[in-house]
Amino acid sequence: MRELRVIGLEPGGAHVVCSDPDTGEKFRLPADDKLRAASRGDIARLGQIEIEMDSQLRPREIQARIRAGASIEQVAEQAGIPYSKVERYAHPVLLERSRAAEMAQAGHPVRPDGPAVDTLSEIVAQAFRARGHDMDAATWDAWKDEDGHWVAQLQWQAGRSTNAAHWRYQPDAHGGTINSLDDAAVQLIDPDFGRPLRGLTPVPSDGIYGPADMEQDHDHEAAEDSSIILADNDIEEESAEQVDTPEPVDEAEHDEPKTAPQHTHGKDKRGKPALPSWDDVLLGVRSNGRG
């Protein structure tokens with residue numbers, strides 16, 4: 001056993017720095033209660049600390065924390081023990097969690113109409129393709145909750161955000177059932193996810209028109225223009241008849257010629273109906289000057 005020489009404390013006093021006198025190699029020790037008790041020669045306190053640490057580091061307790069979803073780093077940091085000591089007991093439980101995650105992927109999600117025919121992994125893969133996500137970059141995990149049920153987790157990256165979905169997995173002889181535990185899980189197994197929204201018929205409101213309304217307005221304007229042109233043609237025929245009349249007719253006693261609906265024509269200075277110009281006929285403007 002080599003002897004070390006104490007050099008001093010690191011900034012902050014969290015560790016004691018030591019060195020090997022022969023090689024000059026440096027080491028550091030955590031300045032915790034155990035080191036303080038050992039430096040004072042307090043055997044009773046040192047033994048009590050050993051008992052407390054051993055009671056917290058029982059293999060069964062380490063495995064229970066790992067099975068509940070904790071990582072090796074988390075357990076080692078919380079207990080203040082070396083990573084290697086936790087890893088020794090955590091490895092079998094990590095294999096158990098990995099196996100549970102694989103089994104959950106082969107389970108059948110439960111929907112309002114019953115269990116789905118496809119497996120969870122197949123349904124999620126379809127949802128990922130619809131979203132444009134990379135299924136190969138996603139990670140699966142599983143752990144047991146406080147009630148002893150397996151919880152499967154799918155975690156993936158979308159842009160700069162990390163997303164996760166959780167399901168409760170219940171093993172059975174038919175591959176197991178899957179129940180969603182959060183909104184992300186519900187959306188991923190939704191059979192209608194990714195389908196295009198149904199088209200909405202535009203409804204005119206406050207002067208806003210859609211394509212269908214524009215087509216109706218166009219048809220209405222075309223019909224109105226046709227009515228105006230027909231009415232103007234009637235005026236021309238009636239005017240021609242008046243010119244060919246051999247005898248003068250009293251305009252006061254003569255009835256006005258009938259016109260097309262919604263059309264009134266004006267008169268010129270001589271009291272006769274005014275003939276529309278070609279511009280009025282082509283543009284659909286009434287002969288009285290009102291559109």
Side-chain angles (χ1 to χ4, degrees), residues 58-79 83-200:
R58 287 179 298 180
R60 183 175 298 177
E61 179 66 21
I62 293 176
Q63 292 183 344
R65 294 186 182 185
I66 298 296
R67 188 175 288 108
S71 63
I72 298 177
E73 293 82 357
Q74 291 173 337
V75 175
E77 182 178 357
Q78 293 172 0
Y83 178 94
S84 57
K85 192 169 186 179
V86 178
E87 185 181 20
R88 184 188 316 166
Y89 304 108
H91 184 68
V93 183
L94 292 176
L95 292 178
E96 180 184 356
R97 287 173 52 178
S98 177
R99 176 57 181 164
E102 293 178 359
M103 294 173 63
Q105 295 178 59
H108 300 275
V110 178
R111 291 169 173 167
D113 57 348
V117 177
D118 295 335
T119 64
L120 176 61
S121 62
E122 293 172 344
I123 295 175
V124 169
Q126 295 174 4
F128 264 50
R129 285 193 295 268
R131 290 188 175 189
H133 297 324
D134 185 7
M135 192 65 194
D136 295 334
T139 57
W140 289 91
D141 195 3
W143 60 82
K144 280 193 173 183
D145 59 12
E146 297 178 354
D147 299 329
H149 297 108
W150 281 108
V151 175
Q153 172 186 272
L154 175 64
Q155 192 174 61
W156 71 95
Q157 196 77 15
R160 296 184 178 181
S161 61
T162 301
N163 302 288
H166 301 88
W167 298 271
R168 176 173 292 174
Y169 169 61
Q170 184 66 38
D172 59 27
H174 303 286
T177 57
I178 300 293
N179 292 278
S180 302
L181 296 179
D182 49 35
D183 292 340
V186 173
Q187 293 177 2
L188 287 176
I189 66 172
D190 184 0
D192 294 328
F193 180 84
R195 293 182 181 179
L197 296 177
R198 296 174 181 174
L200 300 178

request  = Quick one: do Arg168 and Gln170 satisfy side-chain contact (heavy atoms from CB on, under 4.5 Å)? Show the steps, please.
outcome  = CA-CA 7 Å; Arg168 176 173 292 174; Gln170 184 66 38; 5.6 Å; no

task = Please step through side-chain contact (heavy atoms from CB on, under 4.5 Å) for the pair Gln63 and Glu96, ending with a clear verdict.
result = CA-CA 11 Å; Gln63 292 183 344; Glu96 180 184 356; over 6 Å; no

inquiry  = side-chain contact (heavy atoms from CB on, under 4.5 Å), that's the test. Do Trp150 and Arg97 meet it? Break it down for me.
reply    = CA-CA 9 Å; Trp150 281 108; Arg97 287 173 52 178; 4.2 Å; yes

request  = Let me see the working for Gln126 and Asp118 under side-chain contact (heavy atoms from CB on, under 4.5 Å), right down to the final yes or no.
outcome  = CA-CA 11 Å; Gln126 295 174 4; Asp118 295 335; 4.0 Å; yes

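In this structure, CD1 on Ile66 lies 8.0 Å from CD on Gln74, to the nearest 0.5 angstrom.
Put simply, the side chain of Glu61 never gets that close to the backbone of Arg58: no donor and acceptor are under 3.5 Å apart. Proximity of a side-chain donor or acceptor of Asp147 to a complementary backbone N or O of His149 within less than 3.5 Å is not detected. In this structure, the side chain of Arg111 engages the main chain of Ile189 through a donor-acceptor pair within 3.5 Å. A donor-acceptor distance shorter than 3.5 angstrom exists from the side chain of His108 to the backbone of Val117, with no hydrogens or angles considered.
With sequence neighbours excluded, the residues that form a side chain to side chain contact (heavy atoms under 4.5 Å, CB included) with Ala165 are Trp156, Trp167, Asp182, Ala184, Ala185, Leu188. Every side chain to side chain contact (heavy atoms under 4.5 Å, CB included) that Asp134 has, sequence neighbours left out, goes to Asp136, Ala137.
Contact detail for Ala79 and Arg65: the closest heavy-atom pair is CB-NH1, 4.5 Å. Across all non-hydrogen atoms, the minimal contact from Trp143 to Ala68 is CD1-O, 3.6 Å. In terms of heavy atoms, Ile123 sits closest to Pro109 at CD1-CG, 3.8 Å.
Here the side chains of Gln155 and Asp141 are not in contact, with every heavy-atom distance at 4.5 Å or above. You'll find the side chain of Val75 stays beyond 4.5 Å of the side chain of Tyr89, heavy atoms only.
Sparse packing is recorded around NE2 of His91, with 12 or fewer heavy atoms of other residues, nucleotides or ligands lying under 6.0 Å away. For CD of Glu77, the number of neighbouring non-hydrogen atoms (other residues, nucleotides, ligands) closer than 6.0 Å is 12 at most.
Considering Val151, Thr177, Ile178 in turn, Ile178 is the only one that fulfils the side-chain contact (heavy atoms from CB on, under 4.5 Å) rule with Tyr169.
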